[in-house]
K.L.:
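Structure below; questions to follow.
Residues: numbered from 1 along the sequence shown.
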Amino acid sequence: MGVYAYFLVLLLTIYHGAFSNGGITSSFVRKEAKSIDMPFHSDVFSHPPGYNAPQQVHITQGDHVGRAVIVSWVTQDEPGSSTVVYWSQNNKKFKSTGRITTYKYYNYTSGFIHHCKIKNLEFNTKYYYEVGSGGTTRRFWFTTPPPVGPDVPYTFGIMGDLGQTYDSNLTLTHYEMNPVKGQAVLFVGDLSYADHYEFHDNSRWDSWGRFAERSTAFQPWIWTAGNHELDYEPSIGETKPFKPFLHRYRVPFKESGSTEPLWYSIKRASAYIIVLSSYSAYGMYTPQYQWLLEEFPKVNRKETPWLIVLMHSPWYNSNSYHYMEGETMRVMFEPWFVQYKVDLVFAGHVHAYERSERISNIAYNIVNGECTPAHDQSAPVYITIGDGGNIEGLANNMTEPQPKYSAFREASFGHATLEIKNRTHAYYSWHRNSDGYAVRADTVMFYNRFWHPVDDSTTKNYQ
C-alpha cells in the first residue's frame, strides 16, 4: 500500500469510527445535554393571528396512487368553515368540503378538527389551497407526485420520534435546509410525546401540530403510529388506544383494502410503501396479518420497483434500549419480507441511528438450531431512525461487540433522505444535526432487489 492510500484509509477510519466485529460504530461524540421541550411561548408554537384562524395544518396522501390529498387542520374557537378552496396555476378554483371531529381526553377537550379530501388532482402539478374563512383565511401549497412508473425519480425525507424539544427544532430545520429536497416525508412514528406529561397533556398535541406545520402543510407526511401514540391510560379512564392520534391524523387505509388506519399502503412515483402497526395485533388470523398476507402479492415491481416498509419498533437493533421488542413481529413477517424481496425497512423507537446489512434470520427450526442473522441478498436493509430529538433523549448504550449485521450506528439526532433515481438505483444519506446542512454522515447506494439485485454491502464482513 502506498503512503497516500495508507493515509486515506487512516482518515476514513478516523472519520467514520473504528472497524469492529460488524461495521462502523461512529466515533462522533455528541455533546451530552438533556433534551428539553420548548416552552409554550416559543415562536415555533405561535398561534396564527386572527379569531378562529386555522392551525396545525397538515396534509397526507389521500388515495392509493397520489391523485388525492387529505387536508387537515384545527379551529379552536368554533367550527368555522370545513371547505378547502384549491387551484393550480392559471386555472379555476375548486372547492371540497370535509368533516369535523372532536374528542375529549380526561380533562382536555379538543378544538374542531377538520379533515377534507381533495380528489382528481393532476400528477406533477403545484396546487395552492386555502382553509378558513373571512379575515382568517390561510393559504398553502403542495406539489402532487409524478405518475406511478418504474423509472420515476422521487426523493423522500425520513424522520421518526420527533417530539418538540430544541433538538426536534434542529432536526426539522436541518431537513428544511438540506440541499437534497425531500418531496414527501416517511414518518416512522412518535409525534408529540404528549404522554410524557401528567394526564397525557393533549395541549402538547396542539403545540406539536403548530410546530410541524411549516413542513406538514406543504408536503405530505406518510404517518406511522408509534408507542407514544397509544395514549392508553386506564388509571384516568382512557381505555381507547390511539384516540388523539386517530382523531387528528387521517390516512387512505380503505383504498388499500385495510380495515384499520394503523396499517395501509400507498404508491408514490416508483415506490410502493407499506405501513405496519407495531402496537396492534399481528398474530395469525388477525386483521393486520390477513391484510399483509394479501397485500404483498398485489405489489407489481414492474410498476413500482421500490418496496419500502415503515414500522415503529425495529426488528434488528444493537442497542440495549428496546432490545428485541420487535422480535415477535419479525418472527411472524420476516419470511414474507424475504420472499417478496423488500428493499428497505425504516423503523424508529430506539433513539439513535443504525443501518444494517441485508440480513435475515429465517433459517431457524427446532432441529437445525440455526438462529443467527445471516447475509441474505433477498432481504431488506433495516434502518433505525428514531433520532428526531424527543424529550427522552438519546439511546447511547450500544451493545458490544457490534454485531456483524450492523453496518453503521451512532447515537445522534438527525434525519435521512432517500433519492430514488430509477428502477435500479437509490441514493440514501443520513444527516446528523451537529453537522452543516449539506454534510452526509452515512451514505450508501442501494440496488433494487427486483431489478438489480447486486450486493450493496458496505462492510468487509459481507463483501
Side-chain angles (χ1 to χ4, degrees), residues 16 19-24 150-151 156 158 186 265 270-274 276 292-293 295-311 314-318 326-327 329-347 353-365 368-385 401-409 416 418-430 442-463:
H16 287 298
F19 287 110
S20 65
N21 185 45
I24 296 165
D151 290 303
F156 292 101
I158 305 145
L186 305 179
S265 70
S270 49
Y272 200 103
I273 298 163
I274 293 175
L276 297 179
L292 188 58
L293 174 66
E295 180 69 9
F296 271 128
K298 296 178 183 177
V299 182
N300 180 0
R301 303 296 282 275
K302 294 180 179 179
E303 178 191 51
T304 49
W306 293 92
L307 181 52
I308 299 168
V309 176
L310 310 181
M311 61 181 68
W315 292 357
Y316 290 95
N317 164 35
S318 66
E327 183 66 5
M329 181 181 263
R330 183 195 67 77
V331 171
M332 292 302 301
F333 292 154
E334 188 178 24
W336 296 351
F337 282 34
V338 175
Q339 177 185 350
Y340 291 100
K341 300 183 186 299
V342 172
D343 291 292
L344 300 165
V345 176
F346 293 102
Y353 171 73
E354 185 166 17
R355 171 176 57 84
S356 80
E357 294 293 3
R358 296 195 181 279
I359 41 99
S360 68
N361 192 5
I362 59 175
Y364 172 76
N365 60 51
N368 64 29
E370 296 177 3
C371 55
T372 300
H375 188 43
D376 188 340
Q377 282 300 305
S378 293
V381 167
Y382 293 88
I383 294 174
T384 301
I385 189 158
Q402 183 175 3
K404 290 182 179 180
Y405 67 76
S406 176
F408 186 101
R409 60 184 188 172
L418 179 69
E419 303 170 67
I420 296 176
K421 303 297 186 181
N422 50 39
R423 74 183 68 190
T424 59
H425 290 68
Y427 186 69
Y428 169 83
S429 57
W430 173 69
D442 180 40
T443 64
V444 60
M445 182 68 80
F446 289 126
Y447 302 135
N448 186 268
R449 292 302 91 189
F450 182 86
W451 286 101
H452 192 60
V454 174
D455 192 337
D456 50 14
S457 304
T458 60
T459 61
K460 60 183 179 180
N461 297 296
Y462 291 117
Q463 291 175 335

K.L.:
For a side chain to side chain contact (heavy atoms under 4.5 Å, CB included) check, start with the C-alpha distance between S270 and T304, then their side-chain angles and the critical distance, and finish with the verdict.
P.N.:
CA-CA 5 Å; S270 49; T304 49; 5.9 Å; no
K.L.:
So which of I308, V309, V299 actually passes side-chain contact (heavy atoms from CB on, under 4.5 Å) with Y272?
P.N.:
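Exactly one pass, corresponding to V299.
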K.L.:
Considering residues at least two apart in sequence or located in another chain, which fulfil the side-chain hydrogen bond (donor to acceptor under 3.5 Å, both in side chains) criterion with Y316?
P.N.:
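Partners of Y316 by the side-chain hydrogen bond (donor to acceptor under 3.5 Å, both in side chains) criterion, ordered by chain and then number, come out as E334.
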K.L.:
Find out whether Y428 and I383 are in side-chain contact, i.e. whether some heavy atom of one side chain is under 4.5 Å from a heavy atom of the other.
P.N.:
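Side-chain contact under 4.5 Å: yes.
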K.L.:
So does S265 get a backbone contact from the side chain of E295, meaning a donor-acceptor N/O pair under 3.5 Å?
P.N.:
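No.
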K.L.:
So, for S406 and E354, which heavy atoms are closest and what is the spacing to 0.1 Å?
P.N.:
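Here S406 and E354 meet closest at OG-OE2, 2.7 Å.
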K.L.:
If you round to the nearest 0.5 Å, how far is OG of S429 from CD1 of I158?
P.N.:
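Taking CD1 in I158 and OG in S429, the distance rounds to 8.5 Å.
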K.L.:
When you measure from the side chain of R409 to the backbone N and O of A407, does any donor-acceptor pair fall under 3.5 Å?
P.N.:
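Here the side-chain-to-backbone pair does not exist.
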K.L.:
Counting distance only, does the side-chain N/O of D442 pair as donor-acceptor with the main-chain N or O of F408 below 3.5 Å?
P.N.:
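Not at all, since once roles are kept as given, no pair shorter than 3.5 Å links the two residues.
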K.L.:
What I want to find out is whether R423 reaches D151 closely enough, with some N-O distance under 4.0 Å, to be called a salt bridge.
P.N.:
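Salt bridge: yes.
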K.L.:
Do other residues, nucleotides or ligands put more than 12 heavy atoms under 6.0 Å from K298 NZ?
P.N.:
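Yes, the 6.0 Å shell around NZ holds more than 12 heavy atoms from other groups.
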K.L.:
Considering non-hydrogen atoms only, spot the tightest contact between S378 and K341 and give its length.
P.N.:
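Taking every non-hydrogen atom into account, OG-NZ, 3.0 Å.
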K.L.:
Check whether D456 reaches the backbone of V444 with its side chain - one donor and one acceptor, N or O, closer than 3.5 Å.
P.N.:
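Judged by distance alone, no pair lies under 3.5 Å.
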K.L.:
Report yes or no: does W451 contribute a side-chain atom to a donor-acceptor pair with the main-chain N or O of H425 at less than 3.5 Å?
P.N.:
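No, W451 side chain to H425 backbone: no donor-acceptor pair under 3.5 Å.
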K.L.:
Within the side chain of R358, is there an N or O that forms a donor-acceptor pair under 3.5 Å with the backbone of A379?
P.N.:
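Yes, because the side chain of R358 sits within donor-acceptor range (under 3.5 Å) of the backbone of A379.
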K.L.:
Using the six-membered ring wherever Trp is involved, compare the ring planes of F296 and Y340 and label them parallel, tilted or perpendicular (cut-offs 30° and 60°).
P.N.:
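The rings of F296 and Y340 lie parallel, inter-plane angle below 30°.
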K.L.:
For D343 and R301, which heavy atoms make the closest approach, and how far apart are they?
P.N.:
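Nearest heavy atoms, D343 then R301: OD2-NH2, 2.8 Å.
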K.L.:
Nearest 0.5 Å, what's the CZ-CZ distance between R355 and F446?
P.N.:
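With rounding to 0.5 Å, CZ (R355) is 6.0 Å from CZ (F446).
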K.L.:
Please tell me if the side chains of D455 and Q377 come closer than 4.5 Å, counting only heavy atoms from C-beta onward.
P.N.:
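Yes; the side chains approach each other to less than 4.5 Å.
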K.L.:
Within the distance-only criterion (no hydrogens, no angle test), does the side chain of Q402 pair as donor or acceptor with the backbone N or O of I24 below 3.5 angstrom?
P.N.:
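Yes, Q402 side chain to I24 backbone: donor-acceptor pair under 3.5 Å.
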K.L.:
For N448 and P305, work out which heavy atoms get closest and say how close.
P.N.:
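Distance-wise, the nearest heavy atoms are ND2-O, 2.9 Å.
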K.L.:
Just how far is it from atom OH of Y364 to atom CD of E370, taken to the nearest 0.5 Å?
P.N.:
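Between Y364 OH and E370 CD, I get 11.0 Å after rounding to 0.5 Å.
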K.L.:
Against I273, only a single residue in W306, F346, F156 fulfils side-chain contact (heavy atoms from CB on, under 4.5 Å); can you say which?
P.N.:
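Single pass found, and it is F156.
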K.L.:
Can you check whether N361's main-chain N or O pairs, donor with acceptor, with R330's side chain at less than 3.5 Å?
P.N.:
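Yes, because the side chain of R330 sits within donor-acceptor range (under 3.5 Å) of the backbone of N361.
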K.L.:
What orientation do Y382 and W315 show, parallel under 30°, tilted 30 to 60°, or perpendicular over 60°?
P.N.:
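Aromatic pair Y382/W315 classed tilted.
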K.L.:
Of the non-hydrogen atoms in D376 and S360, which two are nearest, and what is the gap between them?
P.N.:
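Where D376 meets S360 most closely, the heavy atoms are OD2-OG, 2.7 Å.
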K.L.:
Minimum heavy-atom separation for W430 and I385, please, with both atom names.
P.N.:
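Residues W430 and I385, closest heavy atoms: CD1-CD1, 4.1 Å.
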